[in-house]
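Comments concern the structure below.
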Amino acid sequence: MTLDFAGSEKFVAAIDAAVDRDCDRALTDALRNTLCKLIRDKDVCLPDCVYQACPDHYARRELYTSARHGYNVVAMTWGPGQGTSIHDHDGLWCVEGVWDGQLEIVQYDMRERNTEGCYHFIPVATLQAGTGSAGSLIPPHEYHSIRNPSEDAVAVSLHIYKRAMTCCSVFTAMGQDWYRPTVKSLALDNAA
């Protein structure tokens with residue numbers, strides 16, 4: 001799957017070069033730096049659809065899947081106040097960059113898992129990420145939440161996953177920093 005947009009060939013070539021690494025740490029470092037450069041590159045313009053928020057949920061629109069490397073690129077559109085619960089990335093590395101607007105990311109450390117399958121999470125960092133910033137997640141350090149803190153502006157982020165992420169664990173608060181996981185299937189929104 002490839003959406004046609006201005007600079008898409010340059011975009012794919014840059015990501016292909018960054019993911020051609022043997023080690024996840026080196027790969028995500030290179031990909032994070034590449035994504036920051038692509039966000040500032042005036043030759044690369046994401047399709048208009050990624051700036052259209054959905055009224056009842058943040059939108060996930062697939063831009064590209066690499067047949068050669070297997071990685072998957074998804075643009076997410078966050079309406080004012082929209083966000084996620086604490087979630088994981090199903091064991092996949094990911095690089096996330098803010099293409100437009102601002103996002104609040106809270107990172108969590110999983111302290112323990114009890115015999116009932118519940119997780120004890122502690123928030124370890126809250127980041128205000130603006131346009132042009134990017135971060136990476138490498139399991140087991142993948143637990144986080146994302147939210148558009150704006151009351152009136154849409155935010156757009158780009159997520160590059162090791163492969164298509166079709167599900168993840170979402171964690172529901174039970175009290176005293178304990179959370180119960182449920183597996184959530186992830187759908188894609190129309191990219192037209």
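The model shown is predicted, which means the values in this text are computed figures rather than measured ones.
- Between the side chains of Asn148 and Gln102, no donor-acceptor pair of N or O atoms lies under 3.5 Å.
- Between the OG1 atom in Thr84 and the NZ atom in Lys184 there is a gap of 8.5 Å [rounded to 0.5 Å].
- Judged by distance alone, the side chains of His159 and Ser157 do bring a donor and an acceptor atom under 3.5 Å apart.
- Every residue meeting the ring-ring contact (aromatic ring centres under 6.0 Å, His included) condition with His120, not counting sequence neighbours, appears here in chain and number order: Trp178.
- Asp48 meets the side chain to side chain donor-acceptor pair (under 3.5 Å) test with no other residue; sequence neighbours excluded.
- A side-chain N or O of Ser150 and one of Asp152 form a donor-acceptor pair less than 3.5 Å apart.
- By the ring-ring contact (aromatic ring centres under 6.0 Å, His included) test, Phe121 is found to be paired with Tyr119, Tyr143, Phe171, Tyr179, residues two or more places apart in sequence or in another chain being considered.
- Annotation: ring-ring contact (aromatic ring centres under 6.0 Å, His included) contacts of Tyr161 (sequence neighbours excluded): His89.
- Under the 6.0 Å cut-off for aromatic ring centres, Phe11 and Tyr64 do not qualify, their centroids lying 6.0 Å or more apart.
- In this structure, CG in Asp88 is found 10.0 Å from CG in Leu137, a value given to the nearest 0.5 Å.
- Side chain of Gln82 to main chain of Gly79: a donor-acceptor pair is present (N/O by atom type, distance under 3.5 Å, no hydrogens or angles).
- Both Leu35 and Leu46 sit in one connected hydrophobic cluster of ILVMFWY residues. Membership requires side-chain heavy atoms under 4.5 Å apart, directly or through other members.
- Taking CG of Leu92 as the reference point, atom CG of Asn72 lies at 9.5 Å (rounded to 0.5 Å).
- In this structure, a donor-acceptor pair under 3.5 Å is absent between the side chains of Arg180 and Thr172.
- Checking Val98, Asp100, Ile146 one by one against Trp78, the side chain to side chain contact (heavy atoms under 4.5 Å, CB included) holds for a single residue, Ile146.
- Rounding to the nearest 0.5 Å places CG of Leu27 at 9.0 Å from CG of Asp20.
- For Arg21, the CZ atom sits in a packed shell: over 12 heavy atoms of surrounding residues, nucleotides or ligands are nearer than 6.0 Å.
- The distance from the CG atom of Leu63 to the OG atom of Ser8 is 10.0 Å, given to the nearest 0.5 Å.
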Can I get a per-line list of side-chain donor-acceptor pairs under 3.5 Å for residues 103-112, giving both atom names and the distance, sequence neighbours left out?
from, atom 1, to, atom 2, distance (Å)
Glu104, OE2, Gln128, NE2, 2.9
Asp109, OD2, Arg111, NE, 2.8

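- Among Thr28, Asp29, Thr34, the one residue that satisfies the side chain to side chain donor-acceptor pair (under 3.5 Å) test with Arg32 is Asp29.
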**Request:** Test Tyr51 against Val156 for side-chain contact (heavy atoms from CB on, under 4.5 Å), laying out the working first.
**Result:** CA-CA 7 Å; Tyr51 297 96; Val156 176; 3.8 Å; yes

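- By the side chain to side chain contact (heavy atoms under 4.5 Å, CB included) test, Ala59 is found to be paired with Cys54, Arg61, Thr77, Asp189, residues two or more places apart in sequence or in another chain being considered.
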